[in-house]
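Hydrogens, waters and symmetry mates are skipped; everything else that's a heavy atom, side chains included, is used.
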Amino acid sequence: MKKLFCLAFAVLFCAPAFYAQGAETPEPADSETSVVYAEDVIEEKTSHSLDWILSFAPAFLLNTGDVKKTAPSPIVYPFSLGIAFPAEAFVSFQPRLSIFTNYLLWYDGDAYPAEIENRTATAFCFLLDFPAVFKYEPSARHLLEGGAGVSFLCRFAKISNGVSGSDEGYSGSASGDVDEINKWFWKDANFLFFMLSASYLFTFSGKIKAGPEFRCYFPCGSLFNGNGMNNAMFAAGVKLRF
């Protein structure tokens with residue numbers, strides 16, 4: 001009897017709690033709240049912190065050397081690949097690698113651009129840009145960018161096709177000229193540039209943006225050594241962000 005009484009007491013004590021728990025059904029979400037929440041989730045999933053950059057910008061290489069001995073200022077055709085991080089920030093870091101080649105000769109202690117018939121060396125050039133880029137968005141589809149930073153022009157030269165190392169050169173032989181050119185690349189900060197950039201990008205869809213871009217490279221080595229703007233570069237082309 002005592003056990004039966006305890007069992008009845010337990011049932012009476014637990015039943016209200018069990019009933020109350022079962023009665024607490026989830027409150028239907030307000031439709032407007034659900035829409036806002038869904039939009040937040042979609043925005044969170046589609047937000048991104050990194051954009052890829054592709055560009056093609058022919059560059060004018062300023063040559064202030066003796067045009068009787070060297071080539072007029074040449075045009076080179078770099079292809080570039082880089083990133084923008086963080087992509088949505090007011091200020092982003094946009095490192096970029098550009099690759100191109102050009103012909104050189106050695107004359108009077110400096111490497112100068114050469115025309116194809118007077119070339120001694122073929123230079124393989126890897127231009128590394130490290131700019132900070134500021135953005136301004138006048139509207140959802142239009143983006144203006146302006147940047148500044150430093151660039152490193154990493155180069156190595158080899159004897160051009162059709163040229164023999166024993167051919168006559170300013171240093172005594174063509175192979176000697178190529179050696180002098182390779183030393184010159186890393187001498188007196190000839191590899192260091194200060195760069196400025198500006199671009200206008202139109203948003204086509206989602207992350208895809210494209211438009212014209214302009215870049216200027218000021219040669220620190222040449223400026224420090226009193227050679228002025230010799231070896232300065234000015235590029236104009238198309239930039240794609242995606």
Side-chain angles (χ1 to χ4, degrees), residues 50-64 71-87 91-105 110-116 119 121-135 143-158 160 181-182 184-202 207-223 227 229-242:
L50 183 146
D51 275 356
W52 288 97
I53 296 172
L54 287 175
S55 67
F56 174 68
F60 173 81
L61 275 59
L62 180 62
N63 177 24
T64 61
S73 301
I75 303 290
V76 295
Y77 301 92
F79 285 92
S80 306
L81 173 66
I83 61 171
F85 177 85
V91 182
S92 62
F93 179 51
Q94 296 190 13
R96 194 185 313 192
L97 170 64
S98 303
I99 301 175
F100 60 94
T101 63
N102 66 316
Y103 295 128
L104 296 173
L105 56 78
D110 282 299
Y112 288 100
E115 296 169 321
I116 188 169
R119 71 194 187 283
T122 300
F124 297 88
C125 308
F126 303 87
L127 181 62
L128 297 166
D129 297 340
F130 297 97
V133 179
F134 300 80
K135 75 172 184 177
L143 173 64
L144 299 175
E145 293 183 322
V150 295
S151 299
F152 299 91
L153 183 55
C154 305
R155 295 172 282 186
F156 71 91
K158 72 175 191 67
S160 295
I181 290 170
N182 279 313
W184 180 88
F185 287 156
W186 303 102
K187 181 181 177 182
D188 298 330
N190 289 323
F191 57 87
L192 182 62
F193 292 77
F194 174 72
M195 65 92 66
L196 297 173
S197 67
S199 61
Y200 161 73
L201 301 179
F202 179 80
K207 291 173 57 177
I208 301 176
K209 306 176 182 68
E213 177 187 41
F214 304 93
R215 302 200 303 271
C216 302
Y217 297 87
F218 301 94
C220 297
S222 185
L223 291 170
N227 292 328
M229 289 290 286
N230 188 47
N231 295 315
M233 295 182 288
F234 305 93
V238 177
K239 178 179 180 180
L240 171 67
R241 279 184 62 167
F242 60 96

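In this structure, the side chains of Leu50 and Trp52 come closer than 4.5 Å at one or more pairs of heavy atoms. Two residues are said to be in side-chain contact when any heavy atoms from C-beta on lie closer than 4.5 Å; Leu153 and Tyr217 fail this criterion. Here the side chains of Val238 and Leu54 are not in contact, with every heavy-atom distance at 4.5 Å or above. Proximity of Pro219 to Met233: side-chain heavy atoms (C-beta onward) are nowhere separated by under 4.5 Å.
Within the model, atoms CE of Met229 and CG of Leu223 stand 6.5 Å from one another, a figure rounded to the nearest 0.5 Å. Interatomic distance, Ile83 CD1 to Asp51 CG, rounded to the nearest 0.5 Å: 10.0 Å. We find the CG-CG distance between Leu240 and Leu201 to be 8.5 Å, quoted to the nearest 0.5 Å. The CG atom of Asn231 lies 7.5 Å from the CG atom of Leu61; values are rounded to the nearest 0.5 Å. A distance of 11.5 Å separates CZ of Phe242 from NZ of Lys209, quoted to the nearest 0.5 Å. Put simply, CD1 on Ile53 and OG on Ser92 are 7.0 Å apart, with the number rounded to the nearest 0.5 Å.
A side-chain donor-acceptor contact under 3.5 Å links Asn182 to the backbone of Ala157. With hydrogens and angles ignored, the 3.5 Å screen pairs a side-chain donor or acceptor of Asn63 with a backbone N or O of Ala71. Judged by distance alone, with hydrogens and angles left aside, the side-chain atoms of Ser160 form a donor-acceptor pair with the main-chain N or O of Thr122 at under 3.5 Å. A donor-acceptor contact shorter than 3.5 Å links the side chain of Asn230 to the backbone of Thr64. A donor-acceptor pair is defined here as one N or O able to donate and one able to accept, closer than 3.5 Å; no such pair exists between the side chain of Ser98 and the backbone of Ser80.
The neighbour count for Lys187 NZ, taken as heavy atoms of other residues, nucleotides or ligands under 6.0 Å away, does not exceed 12.
Listed by chain and number, the residues in a side-chain contact (heavy atoms from CB on, under 4.5 Å) with Trp186 are Cys154, Phe191 (sequence neighbours excluded).
Of all heavy-atom pairs spanning Pro78 and Pro58, the tightest one is CD-CA, 4.1 Å. Between Arg119 and Ala114, the closest heavy-atom pair is CA-CB, 3.8 Å.
Taking the six-membered ring wherever Trp is involved, the centroid distance between the rings of Phe85 and Phe93 does not fall below 6.0 Å.
Every pair passing side-chain hydrogen bond (donor to acceptor under 3.5 Å, both in side chains) that includes a residue from residues 143-157 is listed here, sequence neighbours excluded: Gln94-Glu145, Asp129-Ser151, Glu145-Ser199, Glu145-Lys239, Glu145-Arg241.
Ring orientation note: the planes of Phe126 and Phe156 are close to parallel, at an angle under 30° on the 30°/60° scale.
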Are Leu104 and Tyr112 close enough, and set up right, to give a side chain to side chain contact (heavy atoms under 4.5 Å, CB included), and what steps lead you there?
-> CA-CA 5 Å; Leu104 296 173; Tyr112 288 100; 6.0 Å; no
